[in-house]
Amino acid sequence: MDGTPAVPEPAPAGEMSGLPRRSVAFIGSECYPFVKTGGLGDVMYALPRALVRLNCDVRVILPRYACIPKEYQDKIIYRGEFYMDLGRTGRNYYVGIMEYIQDGVVYDFIDNQEFFSAGNPYISLVDDIPKYCFFSKAALSALNFMGWIPDIVHCHDWQAALVPVYLRTLFQNTPVGRARSILTIHNLRFQGIYNIPTIRYWSGLPDSVFNMGALKQGYEDANMLKGGLAYADRITTVSGTYAQEIQTPEYGEHLDKHLRYHSSKLRGIVNGIDTAMWNPETDPALAVNYGLSNVLEHKMENKLALQKELGLEEDESKFVIGLISRLTNQKGLDLVNAIVPQVLDGNTQIVVLGTGDKQYEDAFRYDEYAFHGSFSACIQYDESRAHRIYAGADALLVPSRFEPCGLTQLNAMHYGTLPIVRETGGLKDTVEPYNTFTGDGNGFTFDRYDAGLLLDAINRAKTEYFMNRYHWDEVVQRDMAKDVSWENSARQYKDLYLELTQW
Ligand code: ADP
Ligand code: GLC
């Protein structure tokens, strides 16, 4: 081992007093600011920080991908190394541990150039299955190697789903075997499915786990997420509604029966956002900073700056609708495509920021060409532009087919931008529909997956914006004041940790 063991900085004493201490290892495939492709990266960043404030000792274990920006690669320090056998490969693999500490959270990066040298965390299952078998096993081995045995191992999505299985098999009689495990589903669509011989080869798990109650699926496949769900002590997902939905055939992605079987250990805890990172008062990306007291004037300035940045007609009276999303089948983009001409009525502009499937990228590029000056298609991943869209748009669209939680509607509300969402998953739990008669609510919603209903919701939003601005502005302020922080939800995770470790 190299140097002195890293000790997390304690959180301010006042906040901690009286709270029982627990140690937690977060294991997952992405974490902002090192690597992020979607909301999982945000949660892996924000939740550990919130847990530190609740007297948790948190280590986040991540792959050391080559694509982590140089700025951080230069800061992470060597902590140690060892060799580990892997599955039935007959080889010993190098496992380096590189460490970085920030705001009381310790980040341990698992280093191995053979697995983590691609320019992107996810490539194809052929590469990803061996990579995440290695990662899951190396993460537990690293905890044993460092002699840091957590009370709880908190795993995220299929990439870390073998961890609970390893914990109760190959690692049961090792020090880390005493930890309890939680598996959080951020997106049930991705499960890590491959034929049994391949997963058996790379994982080295005993034959006993390849049965229908655990990893086996159908006649010849193994499903890593399914195995993790069977072995984890608790399962969580990122909203209460999604926890219910995934137990139905419509949203269950073929695991609804398995989830119903394990429903007694399944719980929904809604995500929050990191309100230090997402703070319009201090956000360095914005043209003009603003808060609750001056949002109404300054939002207009941000709108004009955004229009200028994107080459849209600069006119603060236009209704600007943003969409910030991975461009995939999950996100309801075919509904958006179907109604663009009807939405662009001369008083409205649309801004799309996203990358993903070519069909959507091309469709939005075409809209930009066809509706020059009213439609902007930013086919890119750009963190700071995302912040400026949250600040400069009037409304943000999230018409998803399914949405485990969704963070963009939370960011939007916190920036005084009204969400227009489909009533599914976390969107349903976080956006209360606006009620024209009472003036209550946070945004505009529709239920069935239908382009006409989306158009209707957008039109209702426009009516309020153009005809009833006083009420619209009230909702802007209500949304900014709404508590979308992690505090409440982090407490629920802490309670779950305590429930699992009653001593
Ligand atoms: P998902 O995890 O399904 O992608 P979420 O709503 O939970 O959806 O999280 C998406 C996160 O990624 C948000 O922080 C959002 O701002 C960000 N994001 C998505 N697309 C882009 C993009 N093209 N550029 C910058 N940020 C993006
Ligand atoms: C997933 C989901 C998204 C959720 C995010 C973080 O990627 O698609 O709804 O907000 O994970 O939990």
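In what follows, residues are counted from 1 in the order of the sequence shown. Ligands are counted one by one from 1 in listed order, and the atoms in each one are counted from 1 as well.
Less than 4.0 angstrom separates some heavy atom of Val43 from each of these atoms of ligand 2: 6 (C), 12 (O). Near Gly354, meaning under 4.0 Å from any of its heavy atoms, are these atoms of ligand 1: 23 (N). Close approach of ligand 1 to Gln380 is summarised as follows: ligand atoms under 4.0 Å from at least one heavy atom of the residue are 22 (C), 23 (N). Each of the atoms 6 (C), 10 (O), 12 (O) of ligand 2 lies under 4.0 Å from some heavy atom of Asn271. Atoms of ligand 2 lying under 4.0 Å from any heavy atom of Val238, numbered from 1 in the order shown and given with element: 12 (O). Proximity to Tyr390 (heavy-atom distance under 4.0 Å) selects the following atoms of ligand 1: 15 (C), 16 (O). Atoms of ligand 2 found under 4.0 Å from any heavy atom of Asn187 (numbered from 1 in listed order, with element): 8 (O). Less than 4.0 angstrom separates some heavy atom of Gln330 from each of these atoms of ligand 2: 8 (O).
With respect to Arg49 and Asp274, a salt bridge is recorded, a charged nitrogen being found less than 4.0 Å from a carboxylate O. Using a cut-off of 4.0 Å between Lys/Arg side-chain N and Asp/Glu carboxylate O, Asp74 and Lys70 are scored as salt-bridged. Contact check on Lys299 versus Glu316 returns no salt bridge, with no Lys/Arg side-chain nitrogen under 4.0 Å from an Asp/Glu carboxylate oxygen. A salt bridge between Arg388 and Asp283 is absent, with no side-chain N of the basic residue lying under 4.0 Å from a carboxylate O of the acidic one. Taking 4.0 Å as the cut-off between side-chain N and carboxylate O, Glu253 and Arg189 count as a salt-bridged pair. Electrostatic pairing of Asp495 and Arg491 does not count as a salt bridge here, judged by no charged N lying under 4.0 Å from a carboxylate O.
Taking only nitrogen or oxygen atoms, main chain and side chain alike, Arg326 reaches within less than 3.5 Å of ligand 1. Residue contacts with ligand 1: Asn187 is placed with no nitrogen or oxygen under 3.5 Å of a nitrogen or oxygen of the ligand (distance criterion only). For ligand 1, none of its N or O atoms has an N or O atom of Ile324 under 3.5 Å away. Looking at ligand 2, you won't find any N or O of Lys331 less than 3.5 Å from one of its N or O atoms. By the 3.5 Å distance cut-off applied to N or O atoms, Asp42 is counted among the residues near ligand 1. For ligand 1, none of its N or O atoms has an N or O atom of Ala386 under 3.5 Å away. Polar contact with ligand 1: present for Lys36 (N/O pair, distance under 3.5 Å).
The single protein non-hydrogen atom nearest to atom 12 (O) of ligand 2 is His186 ND1, 2.7 Å, given as residue, atom name and distance. For atom 10 (C) of ligand 1, the nearest protein heavy atom (residue, atom name, distance) is Gly39 N, 3.7 Å. From the protein, the heavy atom lying nearest to atom 25 (C) of ligand 1 is Asp382 O, 3.4 Å. In terms of protein heavy-atom proximity, atom 6 (O) of ligand 1 is nearest to Leu407 N, 2.8 Å. For atom 3 (C) of ligand 2, the nearest protein heavy atom (residue, atom name, distance) is Glu403 OE2, 3.3 Å.
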_The test is ring pair (Phe, Tyr, Trp, His ring centres under 6.0 Å); show your working for Tyr45 and Phe34 and say whether it passes._
CA-CA 9 Å; Tyr45 167 79; Phe34 313 109; 8.5 Å; no
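The residue from Ala46, Gly39, Gly406 that puts a heavy atom closest to atom 4 (C) of ligand 2 is Gly406. Between atom 22 (C) of ligand 1 and the options Tyr381, Trp278, Phe402, the minimum heavy-atom separation is to Tyr381. Looking at Gln330, Met277, His186, Lys331 and measuring to atom 1 (P) of ligand 1, the nearest heavy atom belongs to Lys331.
The residue from Val398, Leu410, Thr408 that alone fulfils the side-chain contact (heavy atoms from CB on, under 4.5 Å) condition with Leu427 is Val398. For the pairing with Trp158, the ring-ring contact (aromatic ring centres under 6.0 Å, His included) check across Tyr122, Phe190, Tyr132 returns one residue only, Tyr132.
When heavy-atom distances to ligand 1 are checked against a 4.0 Å cut-off, Cys405 has no atom that comes that close, whether in backbone or side chain.
For the pair Ile123 and Ala118, the tightest heavy-atom approach, listed with the atom from each and the gap, is CD1-CB, 3.3 Å. Residue Asn187 comes nearest to Gln330 through the heavy atom pair ND2-OE1, 3.0 Å, listed as atom of the first residue, atom of the second, then distance.
Counting only heavy atoms from C-beta outward, the side chains of Leu397 and Leu454 approach each other to under 4.5 Å.
Side-chain polar atoms of Thr445 and Glu423 form a donor-acceptor pair below 3.5 angstrom. In this model, no donor atom of one side chain and acceptor atom of the other lie less than 3.5 Å apart for Arg267 and Gln492.
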